[in-house]
Structure formats: C-alpha cells, structure tokens
Enquirer: 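Here it is: the structure, laid out below.
Lettering follows sequence order; numbering is per chain, from 1.
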Protein chains: 2
Amino acid sequence: MARMSAAERRAALARAALVVVDRDGVHAATTRAIVAEAQMPLGSFHYAVPSRDELLRDVVELVVAGEGDAALAGLLADAVDPADAIRRTLSAYLEHVRSAPGREQAMFELTQYALRSSELADLPAEQYARYHALAAEVLGAAEAHLGIRWTIPVADLARLVVTITDGVTLAWLADRDDAAAERTIDLATTALVPFAVTT
Amino acid sequence: MARMSAAERRAALARAALVVVDRDGVHAATTRAIVAEAQMPLGSFHYAVPSRDELLRDVVELVVAGEGDAALAGLLADAVDPADAIRRTLSAYLEHVRSAPGREQAMFELTQYALRSSELADLPAEQYARYHALAAEVLGAAEAHLGIRWTIPVADLARLVVTITDGVTLAWLADRDDAAAERTIDLATTALVPFAVTT
DNA sequence: GCACGTCTGGGACACTTGACCAACTCTGGG
DNA sequence: CCCAGAGTTGGTCAAGTGTCCCAGACGTGC
C-alpha cells in the first residue's frame with residue numbers, strides 16, 4: 001500500500017465507505033467491506049479511524065456536502081415563470097434521485113442509523129438544518145432571479161420544500177413509479193405557486 | 001413455555017419483533033433479542049419461522065395494518081371547514097408520530113431494509129400502495145363529510161398527502177422541532193385548501 | 001393404553017463482526 | 001549516518017450472529 005498520512009487515509013476510507021453504503025446499504029458497510037473497497041489491509045482501518053461509527057460520521061458529512069452541490073447546480077437556468085421554475089427545480093431533484101437511487105437511499109439509512117446511535121444522535125438535526133438552509137438559499141436566489149417575492153417567511157417555505165422532496169423521494173424509492181412522482185411534483189407546484197407574487 | 005401452535009407462535013414472534021424494532025431499531029432485531037422479548041427459547045424461532053427475513057415480512061404487515069387503524073380513527077370528527085379538517089388531520093398524524101416515534105422510525109427502517117433485501121424487495125411498493133389507498137379513502141370520506149369536492153383526482157391528491165406526512169415525519173424525527181413541524185403543517189394546509197370546492 | 005405427529009428447548013456449529021496488537025518498514029530531521 | 005516516530009500489515013481475539021439438530025415432553029386419535 002502506498003504511504004499516506006492518517007488523515008488522507010481516513011478521507012479515502014470515508015469515500016470507500018460511501019461507495020459501499022451506496023451499493024449495498026449501511027448494514028453491509030463493515031470494516032472489512034470498506035477496506036476491501038479502498039483496497040487496504042484491515043489493519044489500516046483502526047490506525048486511521050478510532051471506530052466505525054466515527055467513520056460513518058465522516059460519510060454523512062460527505063453525503064450532505066454532495067447533496068448541496070447537486071441542488072445548487074444551475075437550477076434557475078431559464079424558467080419563464082415561477083410555476084415553471086418550481087416544477088423544473090423539483091423535477092431536477094427527482095432526476096438527481098433517479099440517477100443515483102442507492103445514494104439517496106443511503107442518505108435515509110444513515111439518518112435512521114444515526115438516530116439510533118447514542119454517539120451519532122446529534123447528526124440528523126444538523127443534517128436537516130443544512131438541508132433547510134440550502135433550500136432557503138435556493139428560494140432566496142429565486143426571488144432575485146424571477147422578480148418575485150415569497151409571501152411567507154422563506155425559512156418556513158424552505159422546510160415545506162424539503163418535506164416535499166423527501167416525501168417524493170421516499171415514495172419513488174418504494175414503488176419506482178416515475179409518472180406518479182411527476183404528477184405529485186406537478187401538484188406540489190400548483191400548490192406552491194400562490195406563495196409567490198411578482199414584484 | 002405454554003404449548004401453542006406454530007402459527008400462533010409465529011404471530012407472537014412478529015409482535016415481539018415489532019416491540020424490539022420499535023425500541024432498538026431493525027439492526028437490533030436479532031433472533032435472540034426477539035425470542036427474549038417473546039420469552040421463548042431460541043429453538044422455537046426456526047420451528048415457527050423459516051428465516052428471520054420471513055418474520056420481518058410479517059412485522060411489516062403488522063405495522064402497515066396498525067398505521068391504517070390509527071389514520072382512520074375518528075379524524076373528521078368536528079371540523080368547521082375544509083381548512084380546519086385538513087389541519088386537524090395532519091396534526092393528528094403528527095401527534096400519532098410524536099406519541100410513538102420509535103414505531104414510526106421503525107416503519108422507515110423496515111422500508112429501507114426491505115429495499116436492500118432481495119427477498120423482501122417487493123414489500124415497499126405494496127406498503128406504499130396501501131398508504132396511498134388509505135389516504136385516498138380518507139380523502140373520499142372527507143368529500144361526503146364536509147360537503148366538498150376535490151378538483152383533482154383523489155388518487156393524485158392522496159399521493160401528495162402521503163408525501164407530506166412522510167416528509168414532515170422525517171424532518172421531525174431528525175430535529176424534534178414541534179413548532180416547525182406545526183408551521184409546516186399550517187403551510188401545507190394553506191397550499192391544499194384550493195383543491196377543495198364546496199358543493 | 002399406546003403410538004404418532006406436534007411442539008419444546010438446550011446445545012452446538014460455522015461464520016462474521018469490530019477491535020486490537022506486536023512486529024515490521026519507511027522517512028525525515030539532527 | 002542513524003534513529004525516533006509515523007505508517008503498514010497479517011494475525012488474533014472475544015462477542016455475537018443465523019441456522020440447525022435432536023432428545024425429550026406432550027396431547028390426541030385409534
């Protein structure tokens with residue numbers, strides 16, 4: 001194995017763990033599966049990381065960061081009106097989920113796992129705070145880009161948006177019904193539009 | 001141990017497994033933990049059930065059935081208008097979650113677990129079909145009780161409602177923010193009301 | 001009364017898991 | 001040059017896992 005610092009090795013292990021969790025689920029992310037994915041000997045694991053839970057914390061960080069990048073990537077591009085913008089944004093999110101279902105499922109699994117763990121119990125709250133902040137950021141940017149104003153506090157609307165994306169994702173993961181998911185997004189769009197007024 | 005048929009024993013094991021899953025999570029629902037909860041010797045397990053996964057299938061059935069009872073229990077009681085009815089129903093659901101967070105989390109965990117398992121992969125689709133049907137039933141009953149009509153197909157609206165309850169539950173489980181959850185419900189109510197017209 | 005099929009329950013097996021260690025190798029600063 | 005400390009690695013441990021087995025107890029039909 002190439003020589004690398006403990007910090008680098010830890011980061012590499014976190015990336016490998018994410019690959020395993022994505023492909024096989026959290027319950028399959030054993031120390032051995034992770035080092036196999038990272039092509040390291042088992043001994044390296046506890047040299048770079050104090051415990052398995054500690055590494056999973058890193059993985060959550062990784063997932064949350066990745067989620068942010070995807071959400072912000074050029075969504076408000078060329079929408080003609082608020083309804084179009086909302087629909088496109090939600091559809092883009094669904095597309096993001098469809099392109100990597102395992103990763104999105106891993107996100108849920110990690111949240112549930114953390115909630116049950118005494119050492120990781122604080123993570124989910126932080127994780128969702130980040131999601132809500134991210135959604136608020138997108139909504140705030142939309143005001144400027146579309147020449148509109150939200151008639152209710154952006155923080156509240158952000159939470160509702162995350163609620164909808166989570167719910168749509170969960171149902172789609174369960175039944176993989178693309179058409180139904182699109183219809184739900186259309187409906188949600190119709191329901192959200194009245195919260196925007198043109199300035 | 002009292003004498004009982006294999007079928008009865010299987011049902012008792014399923015109930016015990018649900019208690020364990022509720023309290024400690026799916027990953028803690030080992031054969032030994034389940035038989036300990038049911039106060040049975042370990043040997044009884046594989047006499048009554050061919051495999052652990054097979055029992056988890058029963059548990060999902062149990063949860064889904066219980067969920068249905070809770071959702072239908074006197075929700076449309078005494079609402080003065082559609083908005084009130086929607087808000088009360090969603091709030092009642094949130095209260096249901098708050099009173100038994102472990103069970104609701106267990107529901108999500110079981111869904112995710114089933115999605116990863118090759119033998120249980122068909123369960124989540126069925127599970128969500130039941131949820132959607134249940135929501136549609138409630139919405140249909142609301143039309144009669146409230147003297148309204150939904151302006152869009154009830155099936156589509158049902159999926160949106162499940163989307164919202166799932167999303168609200170997920171966020172609340174993560175941050176336990178009662179006030180924020182209530183605000184989300186208020187907002188969702190406002191967004192849904194336009195889909196109802198009085199007849 | 002008695003055999004036969006159902007049920008009981010303690011023990012065992014083969015395997016996986018997270019964690020740890022002691023012995024080795026390499027590298028950079030004095 | 002050399003040596004202290006950082007990094008590497010295979011082996012090992014105790015605990016826990018799902019599954020299976022079998023000797024016995026029970027209760028029911030003949």
Side-chain angles (χ1 to χ4, degrees), chain A residues 1-21 23-60 106 109-110 113-114 116-121 123, chain B residues 1-21 23-60 109-110 113-114 116-121:
Chain A
M1 202 65 220
R3 237 179 147 71
M4 59 202 300
S5 76
E8 286 176 278
R9 199 165 280 275
R10 178 172 178 151
L13 280 170
R15 283 193 299 275
L18 179 53
V19 172
V20 173
V21 168
R23 188 183 57 228
D24 304 320
V26 170
H27 74 282
T30 66
T31 54
R32 284 166 178 81
I34 294 169
V35 296
E37 180 64 39
Q39 291 180 311
M40 293 180 193
L42 181 55
S44 295
F45 193 96
H46 284 92
Y47 180 76
V49 180
S51 78
R52 179 173 161 275
D53 275 6
E54 201 75 25
L55 185 70
L56 285 184
R57 184 178 283 271
D58 290 12
V59 174
V60 172
E109 287 177 319
L110 284 169
Y113 178 85
R116 297 284 188 188
S117 152
S118 55
E119 302 170 30
L120 271 47
L123 261 183
Chain B
M1 202 63 220
R3 239 179 144 71
M4 58 202 299
S5 76
E8 285 176 278
R9 202 165 278 277
R10 179 172 178 152
L13 280 170
R15 283 193 301 273
L18 178 53
V19 172
V20 174
V21 167
R23 188 182 56 226
D24 305 318
V26 170
H27 74 283
T30 66
T31 54
R32 283 166 181 81
I34 295 169
V35 296
E37 180 64 39
Q39 292 181 309
M40 292 181 193
L42 181 55
S44 295
F45 194 96
H46 284 92
Y47 179 75
V49 180
S51 79
R52 179 174 160 276
D53 276 5
E54 200 75 24
L55 185 69
L56 286 184
R57 183 178 283 270
D58 289 13
V59 174
V60 173
E109 288 178 316
L110 283 168
Y113 178 84
R116 296 286 188 187
S117 154
S118 55
E119 302 170 31
L120 270 48

Enquirer: So does A:Arg116 pair up with B:Glu109, basic N to acidic O under 4.0 Å?
Expert: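 A salt bridge is present here (some side-chain N lies under 4.0 Å from a carboxylate O).
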Enquirer: In whole angstrom, give the distance that lies between atom CD of A:Gln39 and atom P of D:dG10.
Expert: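 After rounding, the reported distance stands at 14 Å.
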Enquirer: In whole angstroms, how far is the C1' atom of D:dT17 from the CZ atom of B:Arg52?
Expert: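 Going from CZ in B:Arg52 over to C1' in D:dT17 covers 9 Å.
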Enquirer: Check the phosphate of D:dG18 against B:Thr31, side-chain N and O only, distance under 4.0 Å to OP1 or OP2. Yes or no?
Expert: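 Answer is yes, contact under 4.0 Å.
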Enquirer: Expressed as a whole number of angstroms, how long is the span from A:Leu42:CG to C:dT16:C1'?
Expert: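 It is 12 Å, rounded to the nearest whole Å.
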Enquirer: Measure the distance from CZ on A:Arg32 to C1' on C:dC20 and round it to the nearest whole Å.
Expert: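 Taking CZ of A:Arg32 and C1' of C:dC20, I get 12 Å after rounding.
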Enquirer: Would you classify A:Ser44 as touching base, sugar-phosphate or nothing, given that sugar-phosphate means primed atoms plus P, OP1 and OP2, and contacts are heavy atoms under 4.0 Å?
Expert: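 Here A:Ser44 touches the bases of the nucleic acid.
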Enquirer: CG of A:Leu13 versus P of C:dG18: gap in Å, rounded?
Expert: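 Between P of C:dG18 and CG of A:Leu13: 13 Å.
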Enquirer: For the atom pair CG (B:Asp24) and CD (B:Glu37), what is the distance rounded to the nearest 0.5 Å?
Expert: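 Answer rounded to 0.5 Å: 8.5 Å.
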Enquirer: Closest to the B:Arg3 side chain: C:dT6, C:dA19, D:dT8?
Expert: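 It is C:dT6.
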Enquirer: What's the closest nucleotide to the side chain of B:Pro41 if the choices are C:dG10, C:dC7, D:dG18?
Expert: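 Among C:dG10, C:dC7, D:dG18, the one nearest the side chain of B:Pro41 is C:dG10.
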Enquirer: Any side-chain N or O of A:His46 less than 4.0 Å from the OP1 or OP2 oxygen of C:dA19?
Expert: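 So the side-chain polar atoms of A:His46 do come within 4.0 Å of the phosphate oxygens OP1 or OP2 of C:dA19, strictly under.
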Enquirer: Please state how far atom CD in A:Glu8 lies from atom P in D:dG7, giving the value in whole angstrom units.
Expert: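 Distance, rounded to whole Å: 9 Å.
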Enquirer: Counting the atoms with a prime plus P, OP1 and OP2 as sugar-phosphate, which does A:Met4 contact under 4.0 Å by heavy atoms, base, sugar-phosphate, or nothing?
Expert: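 Sugar-phosphate, no base atom in range.
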Enquirer: How long is the line joining NE2 of B:His27 and C1' of C:dG18, in whole Å?
Expert: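 Atom NE2 in B:His27 sits about 14 Å away from atom C1' in C:dG18.
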Enquirer: To the closest 0.5 Å, what do you measure between CD (B:Glu54) and NE2 (B:His46)?
Expert: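 The NE2 atom of B:His46 is 10.5 Å from CD of B:Glu54, to the nearest 0.5 Å.
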Enquirer: Please report the distance, rounded to the nearest Å, between CG in B:Asp53 and P in D:dG18.
Expert: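 These atoms are roughly 10 Å apart.
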Enquirer: Under a 3.5 Å distance rule, please check whether B:Arg9 uses its side chain to pair with a backbone N or O of B:Tyr47 as donor and acceptor.
Expert: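 A pair under 3.5 Å: no.
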Enquirer: Using only side-chain N and O atoms of A:Tyr47, determine if any of them is under 4.0 Å from OP1 or OP2 of D:dT8.
Expert: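 It does not, given that no N or O in the side chain of A:Tyr47 lies less than 4.0 Å from OP1 or OP2 of D:dT8.
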Enquirer: On DNA chain C, compare the nucleotides closest to A:Ala28 and A:Pro50; which residue's is nearer the 5' end?
Expert: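 The residue whose closest nucleotide sits nearer the 5' end is A:Ala28.
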Enquirer: Inspect the contact between B:Arg57 and B:Glu119 and indicate whether a charged nitrogen and a carboxylate oxygen are less than 4.0 angstrom apart.
Expert: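 No salt bridge links B:Glu119 with B:Arg57.
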Enquirer: At 4.0 Å (heavy atoms only), tell me whether A:Arg9 reaches a base, stays on the sugar-phosphate, or touches nothing.
Expert: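 Here A:Arg9 touches the backbone only, sparing every base.
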